[in-house]
Amino acid sequence: MTSVNVQQKELYGQANIEREHVDNNSAVRNMLLDRGIRLETLPSAEDIKKVERRLKADEKKILPKKKK
């Protein structure tokens with residue numbers, strides 16, 4: 001969203017781009033709150049690396065070993 005707005009509004013300079021970024025984050029936060037979603041109350045998600053390791057381990061258990 002910030003990237004699009006920076007181009008469309010032809011924003012230049014770090015301060016202007018940072019302000020746009022903060023404004024966008026605030027808008028998203030307010031939209032979530034309007035819909036009753038509070039990020040700090042959501043359960044944390046499982047780490048993607050842990051999920052990948054578990055999937056690889058499960059694949060090894062399920063799939064037959066390839067013969068060379």
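Values below: all heavy atoms of this structure, side chains included; hydrogens, waters and symmetry mates excluded. Residue numbers count from 1 along this sequence. These numbers come from a predicted model, not from an experiment.
Partners of Gln14 according to the side-chain hydrogen bond (donor to acceptor under 3.5 Å, both in side chains) rule, which considers only residues two or more places apart in sequence or in another chain, are Glu18. Take Glu10 and apply the side-chain contact (heavy atoms from CB on, under 4.5 Å) test, not counting sequence neighbours, and it matches Tyr12. Evaluation of the side-chain contact (heavy atoms from CB on, under 4.5 Å) rule for Leu42 yields Ile37, Leu39 as partners, not counting sequence neighbours. Under the salt bridge (Lys or Arg N to Asp or Glu O under 4.0 Å) criterion, Glu52 pairs with Lys49, sequence neighbours left out. Applying the salt bridge (Lys or Arg N to Asp or Glu O under 4.0 Å) rule to Arg19 yields no partners; only residues at least two apart in sequence or on another chain are considered. Legend: residues meeting side-chain contact (heavy atoms from CB on, under 4.5 Å) with Asn25, ordered by chain and number and at least two apart, are His21. Remark: Glu46 engages Arg54 in a salt bridge (Lys or Arg N to Asp or Glu O under 4.0 Å) (not counting sequence neighbours). Take Arg38 and apply the salt bridge (Lys or Arg N to Asp or Glu O under 4.0 Å) test, not counting sequence neighbours, and it matches Glu40.
Taking Ile, Leu, Val, Met, Phe, Trp and Tyr as members and joining any whose side-chain heavy atoms lie under 4.5 Å apart, directly or through other members, the hydrophobic cluster of Val51 also contains Leu55. Hydrophobic cluster membership of Ile17, counting Ile, Leu, Val, Met, Phe, Trp and Tyr whose side-chain heavy atoms lie under 4.5 Å apart directly or via other members: Val6, Leu11. The hydrophobic cluster around Ile48 extends to none of the other residues, as no ILVMFWY side-chain heavy atom falls under 4.5 Å of it. In this structure, Val22 stands alone, with no Ile, Leu, Val, Met, Phe, Trp or Tyr side-chain heavy atom under 4.5 Å from its own, directly or through other members.
Separation of atoms CD (Gln8) and OG (Ser3) is listed at 11.0 Å; rounding is to 0.5 Å. Between Glu20 atom CD and Asp23 atom CG the span is 6.0 Å, to the nearest 0.5 Å. Atom NZ in Lys56 sits 8.5 Å away from atom CD in Glu59 (nearest 0.5 Å).
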